[in-house]
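Everything below concerns the one structure shown next.
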Amino acid sequence: MNRKKIMALVMAMAMVGMVAAPSITSEAAGLTQATDPSQVVYGTVSEEDIELLRSLFDAEWYLNENPELAEFFGNDTEALFKHFYKCGLFEGRTCSSLFDPAAYASAYGDLEAMYGNNILKYYEHYIKSTPEEKELRPLTTVAACAQAGVTVHSMVSSDVQITPIAYMIAERLGTNDYGAVQSAINTAVASAKTSGGSGSAERSEAGETVVVTPDDTGEAVIVTPADSESALLAQAKGLQLVGTITIESDYGCGMKEISIYRGVTEGTYAAYAGYVSDINTVPVQTIGAYTAAADSSNADMLDWNYQIAYFDTGAVVAGTSTASGMYGDNAPTSGNIISNPLTIGVATAESENCTSDTSFEFPNEVVPTVTEKAFVDENGTATTSYNVTINLENATSTSVDATIGVYSENTGFAYVGEYTIDASNAGSNAGEGDGN
């Protein structure tokens with residue numbers, strides 16, 4: 001099976017009216033910021049919560065994000081803080097670069113299920129969390145969510161959601177009006193699909209990469225520039241970094257492993273770098289309120305009965321004896337061969353995408369459980385290194401989706417594999433011991 005999918009990348013190059021003046025007279029328009037008084041439901045904050053919020057409040061950040069407040073409060077820290085907990089909190093203004101409740105809610109569905117749109121509750125949870133608990137929930141900002149491939153939903157407007165691509169574009173344009181960027185993207189994509197007005201659109205063979213030229217109104221221009229990085233490279237870079245493969249060695253190959261475990265509670269999962277066994281190992285990413293399951297015979301070890309997938313991503317220099325030994329006599333003789341086999345057969349591949357046009361079948365004796373092709377980075381050499389990335393999403397009690405990326409910025413190579421991992425048997429043999 002080798003179903004390929006071209007991932008869309010749209011770049012906003014010019015927009016008219018990018019930062020609109022919100023009706024509640026705020027010059028900043030961050031994601032959680034209300035832009036209409038009708039969206040705001042003001043509440044009261046207890047004395048205990050006021051002191052909690054004070055511990056996080058950054059007056060310099062708050063004033064920089066809301067420069068119109070300088071006219072009323074100047075640099076008065078206490079006045080700015082009072083404005084935040086009486087008004088700004090409920091209007092969705094953030095008070096620190098460390099935390100955005102919309103990002104927190106979007107990244108952790110268990111919290112969103114408990115707190116809904118109660119913004120104060122997210123602040124309370126974050127501030128009261130221990131450092132160890134914070135390590136397990138690192139997605140606390142829009143930027144962190146974008147890096148992890150998580151779409152952030154506004155807490156004050158159900159119509160606003162910010163995709164990782166929208167965040168990237170906003171950053172390049174130097175604006176924090178993510179809603180306007182996303183709106184422009186949506187407008188351009190809709191225009192491309194209909195090819196209406198005097199604007200025109202071209203699509204890739206797969207019909208997903210959109211190029212839009214300006215129409216008479218000049219409202220938006222969304223393009224995929226020829227000199228920009230590929231959509232697949234951007235997607236691979238947007239996932240959570242696991243580690244780097246360095247292949248310059250005596251054997252001309254290198255690898256980076258990823259272990260995926262289900263937690264004690266169904267529907268919670270973690271991705272670890274390497275073939276881990278120590279229960280205190282910090283995961284690269286968690287989804288849900290993940291708690292690692294300890295081995296019944298050794299509480300310091302992970303229970304391998306909860307391991308649901310193991311990816312062994314490898315890179316080997318083509319033309320070497322190592323490559324021919326791994327892939328047979330028909331393997332390419334130049335460049336680097338990249339593969340992402342799954343060694344636990346409990347997943348199904350949704351797609352395997354690669355920027356290279358060169359791929360070849362694995363010899364029968366080394367066919368991995370899922371991946372049926374290896375890919376060739378034609379520009380790769382023994383000194384080329386590759387970053388390995390991951391994102392977990394769409395968790396249920398019996399499965400979780402994993403996206404694995406491999407890329408090199410030096411050569412432009414990128415591979416993305418998407419998998420649905422079966423977790424229905426996780427923990428089924430727990431308590432029987434597993435030899436850790």
Side-chain angles (χ1 to χ4, degrees), residues 22 24-37 39-147 150 152-157 160 162 167 176-179 286 289:
I24 59 174
T25 64
S26 168
E27 293 177 14
L31 176 60
T32 61
Q33 176 76 51
T35 57
D36 189 301
Q39 298 174 330
V40 182
V41 178
Y42 293 97
T44 57
V45 182
S46 68
E47 290 297 323
E48 179 184 357
D49 283 333
I50 288 174
E51 292 310 307
L52 278 175
L53 294 171
R54 189 187 299 277
S55 68
L56 182 65
F57 183 75
D58 182 336
E60 183 177 354
W61 165 269
Y62 194 62
L63 188 58
N64 184 62
E65 292 295 294
N66 305 280
E68 76 283 359
L69 297 181
E71 179 182 350
F72 305 100
F73 308 118
N75 294 317
D76 188 330
T77 297
E78 191 61 28
L80 289 167
F81 176 58
K82 187 174 182 179
H83 177 273
F84 169 67
Y85 73 76
K86 284 184 172 291
C87 303
L89 171 72
F90 303 102
E91 293 168 357
R93 303 177 195 245
T94 56
C95 73
S96 168
S97 62
L98 301 176
F99 185 73
D100 187 321
Y104 207 47
S106 299
Y108 303 108
D110 59 321
L111 299 183
E112 188 173 30
M114 286 191 292
Y115 304 141
N117 286 335
N118 190 332
I119 296 177
L120 181 58
K121 287 295 184 181
Y122 295 97
Y123 278 98
E124 290 176 350
H125 186 278
Y126 173 74
I127 295 171
K128 290 181 177 180
S129 294
T130 65
E132 293 75 18
E133 289 171 335
K134 284 185 171 69
E135 284 186 358
L136 297 177
R137 296 184 186 269
L139 305 184
T140 61
T141 65
V142 179
C145 284
Q147 174 69 20
V150 175
V152 177
H153 304 271
S154 171
M155 300 183 69
V156 294
S157 175
V160 177
I162 304 305
Y167 179 81
N176 67 346
D177 195 342
Y178 308 116
T286 61

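Distance check: His153 NE2 to Ile162 CD1 gives 10.0 Å after rounding to the nearest 0.5 Å.
In this view, Phe81 and Phe57, Tyr85 satisfy the ring pair (Phe, Tyr, Trp, His ring centres under 6.0 Å) rule, not counting sequence neighbours. Taking Thr130 as the reference, Glu132, Glu133 meet the side-chain contact (heavy atoms from CB on, under 4.5 Å) condition, with sequence neighbours excluded. Listed by chain and number, the residues in a salt bridge (Lys or Arg N to Asp or Glu O under 4.0 Å) with Lys121 are Glu124 (sequence neighbours excluded). Here Glu78 pairs with Arg54 under the salt bridge (Lys or Arg N to Asp or Glu O under 4.0 Å) rule; sequence neighbours left out. Residues forming a side-chain hydrogen bond (donor to acceptor under 3.5 Å, both in side chains) with Ser46 (at least two apart in sequence, or on another chain): Asp49. In terms of the salt bridge (Lys or Arg N to Asp or Glu O under 4.0 Å) criterion, Asp76 has no residue partners (sequence neighbours excluded). Remark: Phe99 pairs with Tyr104, Tyr123, Tyr126 by the ring pair (Phe, Tyr, Trp, His ring centres under 6.0 Å) rule, at least two apart or across chains. With sequence neighbours left out, the side-chain contact (heavy atoms from CB on, under 4.5 Å) criterion links Thr44 to no other residue.
For the pair Val45 and Phe90, the minimum side-chain heavy-atom distance is below 4.5 Å.
Counting only residues at least two apart or on different chains, the salt bridge (Lys or Arg N to Asp or Glu O under 4.0 Å) pairs with a member in residues 135-145 are Asp110-Arg137.
Formation of a donor-acceptor pair under 3.5 Å by the Ser55 side chain with backbone atoms of Leu52 is found in this model. A donor-acceptor contact shorter than 3.5 Å is absent between the side chain of Tyr108 and the backbone of Thr140.
Summarising the geometry of Cys95 relative to Tyr62, their closest heavy-atom pair is CA-CD1, 4.2 Å, with the distance given to 0.1 Å.
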